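Note on naming: letters A, B, ... go to the chains in the order of the sequence lines (proteins, then strands), and numbering restarts at 1 for each one. Here the structure is a predicted model, which is why all the values come from computation and not from measurement.
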4 protein chains.
Amino acid sequence: MLDRQEKRQAENPLESREPRWRRRKDDRPKEIMDAALALFLENGFSATRLEDIAARANVTKGTLFIYFTNKDDLFQSLIREGMSQMDSFREASRLNVRVSAQETLLFITNNWWKFLTDSDFGKLPKLIISEAANFPDITTLYLEQVVIPTRAMIAEVISQGIASGEFIQVDPKLAARVFLAPLFMLLTWRYSVAPFEKEAIDDLEYINTHLKITIQGLLAKA
Amino acid sequence: MLDRQEKRQAENPLESREPRWRRRKDDRPKEIMDAALALFLENGFSATRLEDIAARANVTKGTLFIYFTNKDDLFQSLIREGMSQMDSFREASRLNVRVSAQETLLFITNNWWKFLTDSDFGKLPKLIISEAANFPDITTLYLEQVVIPTRAMIAEVISQGIASGEFIQVDPKLAARVFLAPLFMLLTWRYSVAPFEKEAIDDLEYINTHLKITIQGLLAKA
Amino acid sequence: MLDRQEKRQAENPLESREPRWRRRKDDRPKEIMDAALALFLENGFSATRLEDIAARANVTKGTLFIYFTNKDDLFQSLIREGMSQMDSFREASRLNVRVSAQETLLFITNNWWKFLTDSDFGKLPKLIISEAANFPDITTLYLEQVVIPTRAMIAEVISQGIASGEFIQVDPKLAARVFLAPLFMLLTWRYSVAPFEKEAIDDLEYINTHLKITIQGLLAKA
Amino acid sequence: MLDRQEKRQAENPLESREPRWRRRKDDRPKEIMDAALALFLENGFSATRLEDIAARANVTKGTLFIYFTNKDDLFQSLIREGMSQMDSFREASRLNVRVSAQETLLFITNNWWKFLTDSDFGKLPKLIISEAANFPDITTLYLEQVVIPTRAMIAEVISQGIASGEFIQVDPKLAARVFLAPLFMLLTWRYSVAPFEKEAIDDLEYINTHLKITIQGLLAKA
DNA sequence: GATGAATGAGCTTTCATTCAT
DNA sequence: TATGAATGAAAGCTCATTCAT
């Protein structure tokens, strides 16, 4: 067809014989999602350029579209991927029969905390909060699959504690939210403002302080 | 990502006669910042178009540049404006001498809560969290002017409580963070995920549950 | 916001004081459609770049999107605009009472030909043919508003000629198509292959030859 | 513009056993050209993706480049291939000595028509018209090899008819074009707008009406 | 030969910003 | 001051073409 110039740069023939690219079909989506997660988390969805995601994943822009329909799809895929990690965790931590409600809360919290630190799952809250209005489907999904079940689990433990006389009379649902708030805050803060703080705190000490105060606050007087 | 909805108000079909009063020029920047705050809060900085801000403020795009150097400046101005509201609040609530540490915490919390609900100040945490990495200066400013002083104030009260034997032995700084977390979470959640929840909670009951548990958790056994 | 460099080229201060652009709100759409029509006609819809259209209309790419939603919209607008020219023509040529069918055919043809040559209307057939499958709505519209009425008009005249004994027995609908074919071909050819022909023909002589043969062919023997 | 439809054929769910015959390599180019012709004809050259051509030819994108240098080459090859079919036709219809010019015109037309309907040759006019400006070499080739010889052949018959007194005095070149126009229009229309018409016409009746009128129009009065 | 993952140039589209009015 | 038409840089996305497999 008329008027198409080939502007190929002559490749340096002395350059090392590295292939221009390598096939990585199976690994690519994960590599891309990892890169995108890091950038979306830091800069937000809109402010992140696909070019930067591509560069961080060591591919070119075009490659992104082999694996994801568009930028939105990439975002949603990555959230779903992060959420799916919860399933395997849930299965692994099923056998949590404890003698007391407070022990159960301790067990759950420590267990979760390890998981949140090791996986991408703990990065989702900051992302969800920032993009909630722009991705209502994802927000609703996260609510239904993560937030509500987690609250319910904690509320159930607290209910049992109240029923057995171990805990004081409180609304278990509200108490569950209060119990989860410091964990939620830690995750949100960590991926946003915390890098700008001069003094870093020790996450574990923070959580232990939280558990000490809150469980103490839930316990009925002996 | 959600398409940007055109939410233009239906234009008044009646030929408006000479208005009885004319908007004072000096109100324009505030109107623009209000419009921008609402949209930045909902959609984030990058995903919000100046055109939408202008429409919400009933001006045209060009007008924004009369009052603000650029989009960044508008964002920073609006955060500073929100932060400045804290000063007048601080002054109003200075005389907070209480007989006990727990009463002081209750007083401070109730006082703050009223303020956070009435002003734009309570909208800042969600915004700061979302845009932290993109506006490091603002983030640092917010840390220094808001976060650190607030934590310090709470930590001081807790320190006094510990010193007087009213509270148990905890790290006051960590305890202050734990104490603030449920409030922080409430504000963050309210402007992001909460609109998607089927069951709304009553903020006041939530805070009271928090205070009940946390202050109970801080109190030394009688 | 972080990381946005201003890369404005310093304008030559000695350059003439021509304004960078001039407001032409009312004229722009027509100018753009004219440019687009010429390029779509020559290269086809897909092969035409918006950049070229903009250049031909002496605007920048961005300006196109002030007046048209997207490239498709520009195409469709321009076809509709071309079709709308037919309405004013129709009105102007309404009083066509003739003594004989053959005179009516001559009158209509000459009239149409002048119109087709003077307006953009005559450029539509080539465009419609090339893009028919890609713009089914436009194709259907053109069929209903232009093709079918035009055929019907000619068929009606032929019918009357047959009824009065002036013309031989033929299917008026098919005869109408045969009658229109040379005109259609001329228009299609003119904007595609004709520029590559070494010997140009005189359009008027071609049409007169057509009329001479075809009307002669329709006339019943005396 | 119409979205590109994925028209993948449902894959055969039965594990195909060893086929009784294997496709000969030499058929591949033809299969690819067939697929490409169909899609170029419908959507135009630029709007047709090589991926769609490959899918229709049951090969993959890369395979196209084994047989054709690039997309342009595929287009040109396919036009040349279509044109080459004319040669074998010409040879088969050489012996066309007739007693009268009108009989010769009838014979030629009927002969051509059969050929145009059976081969891909009749699809070229629509393609050439649409892509003329983008492929000047092809356009020139088609003019020289097809258009001009065909016109010349018809003009020659008409000349002889005039010389023998069988036909009226007309410019044979122009008359040839007029004579060919309905055939040309039929072919062009068939592969563009015709699929959108509610009432299909019978091609043969149309051609017969054309021959009836036009030959009648050429014949000198007895 | 055949594949299809990867490339990269180039396209359409967006939108913060400018500036003639 | 206020407007909004126009700009132009940059974003998202497409797709012909290449090349490791």
Side-chain angles (χ1 to χ4, degrees), chain A residues 1 4-9 19-26 28 46-54 58-72 74, chain B residues 1 4 25 28 46-54 59-74, chain C residues 1 4-9 19-26 28 46-54 58-72 74, chain D residues 1 4 25 28 46-54 59-74:
Chain A
M1 195 168 165
R4 291 268 164 98
Q5 305 95 330
E6 299 288 289
K7 302 182 195 166
R8 192 149 300 285
Q9 303 93 320
R20 279 208 289 155
W21 43 265
R22 199 174 293 282
R23 294 174 91 108
R24 312 212 44 191
K25 186 184 191 335
D26 295 344
R28 285 278 188 246
S46 288
T48 300
R49 294 168 2 195
L50 290 178
E51 189 151 14
D52 293 337
I53 295 172
N58 291 314
V59 295
T60 57
K61 266 188 295 179
T63 302
L64 304 184
F65 291 87
I66 297 172
Y67 298 100
F68 303 93
T69 308
N70 51 35
K71 198 183 176 187
D72 272 41
L74 172 53
Chain B
M1 188 169 169
R4 293 179 216 273
K25 273 203 304 278
R28 277 280 157 83
S46 287
T48 300
R49 295 184 313 164
L50 289 182
E51 191 149 14
D52 293 338
I53 294 172
V59 295
T60 56
K61 261 191 301 181
T63 304
L64 305 184
F65 289 86
I66 295 171
Y67 297 102
F68 303 94
T69 309
N70 52 33
K71 197 184 178 186
D72 273 38
D73 178 42
L74 171 54
Chain C
M1 194 169 169
R4 291 268 164 97
Q5 305 97 331
E6 299 288 289
K7 302 182 194 164
R8 193 152 298 286
Q9 303 93 321
R20 280 209 289 155
W21 45 265
R22 199 175 293 283
R23 293 174 89 108
R24 312 212 43 191
K25 188 184 192 327
D26 296 343
R28 285 280 188 246
S46 288
T48 300
R49 292 166 5 193
L50 290 178
E51 190 150 14
D52 293 338
I53 295 172
N58 290 314
V59 294
T60 57
K61 268 187 290 179
T63 302
L64 305 184
F65 291 88
I66 296 172
Y67 298 99
F68 304 94
T69 308
N70 51 36
K71 197 182 177 187
D72 272 40
L74 171 54
Chain D
M1 190 168 167
R4 293 179 213 275
K25 271 203 304 277
R28 278 280 158 85
S46 287
T48 299
R49 294 185 313 165
L50 289 181
E51 191 149 14
D52 292 337
I53 294 172
V59 296
T60 55
K61 261 191 300 182
T63 304
L64 304 184
F65 289 86
I66 295 171
Y67 297 102
F68 303 93
T69 309
N70 51 33
K71 197 183 178 186
D72 274 39
D73 177 44
L74 171 53

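- Note on Leu50(A): only backbone sugar-phosphate atoms sit closer than 4.0 angstrom, heavy atoms only; bases stay farther off.
- Distances from the side chain of Thr63(D) to the nucleotides dT3(E), dT18(E), dT13(E) place dT3(E) closest.
- Taking only side-chain nitrogens and oxygens, Tyr67(C) never comes nearer than 4.0 Å to OP1 or OP2 of dA5(F).
- Checked by distance alone, Lys71(C) brings no side-chain donor or acceptor within 3.5 Å of a matching partner on the base of dT13(E).
- In this structure, Lys61(C) and Glu51(C) approach most closely via the heavy-atom pair CG-CA, 3.8 Å.
- With sequence neighbours excluded, the residues forming a salt bridge (Lys or Arg N to Asp or Glu O under 4.0 Å) with Asp52(C) are Arg49(C), listed by chain and number.
- Residues Asn70(D) and Asp73(D) share a closest heavy-atom pair of OD1-N, 2.8 Å.
- In this structure, Thr60(C) OG1 and Phe65(C) CZ are separated by 10.5 Å, a value rounded to the nearest 0.5 Å.
- Among the protein residues, Thr48(C) comes within range of the sugar-phosphate backbone only, with heavy atoms under 4.0 Å from sugar or phosphate atoms but none that close to a base.
- In this structure, Arg28(B) reaches the dA2(F) phosphate: one of its side-chain N or O atoms is under 4.0 Å from OP1 or OP2.
- Residue Arg49(D) places no side-chain N or O under 4.0 Å from the OP1 or OP2 atom of dT14(F).
- Across all non-hydrogen atoms, the minimal contact from Ser46(A) to Lys71(A) is O-NZ, 3.6 Å.
- Separating the CD1 atom of Ile66(B) from the P atom of dG4(F) is a distance of 12 Å, rounded to the nearest angstrom.
- Atom CZ of Phe68(D) and atom C1' of dG1(E) are 15 Å apart (whole Å).
- Contact record, Leu64(D) with Leu50(D): CD1-O, 3.5 Å, taken as the closest heavy-atom pair.
- Helical stems in DNA chain E, defined as runs of 3 or more consecutive Watson-Crick or G-U wobble pairs with donor-acceptor distances under 3.5 Å: E:2-21 with F:2-21.
- Going from atom CD of Glu51(D) over to atom C1' of dC15(F) covers 8 Å, rounded to whole Å.
- Taking atom CD1 on Ile53(D) and atom P on dC15(F), their separation rounds to 12 Å, with Å as the unit.
- Residue order along DNA chain E, read from the 5' end via each residue's closest nucleotide, puts Gly62(C) first among Gly62(C) and Gly62(B).
- The base of dT7(F) is not paired with the side chain of Lys61(C) by any donor and acceptor separated by under 3.5 Å.
- Nucleotides of DNA chain F nearest to Thr60(C) and Thr69(A) differ in position, and the one nearer the 5' end is that of Thr60(C).
- Rounded to whole angstrom, the span from the CZ atom of Phe65(B) across to the C1' atom of dA6(F) amounts to 14 Å.
- Leu64(C) has its CG atom 12 Å from the C1' atom of dT7(F), to the nearest Å.
- Taking the side-chain contact (heavy atoms from CB on, under 4.5 Å) definition, one finds that Thr48(C) meets it with Leu39(C), Phe40(C), Asn43(C), Ile53(C), sequence neighbours left out.
- The separation between Leu74(B) atom CG and dC15(E) atom P is 16 Å, rounded to whole Å.
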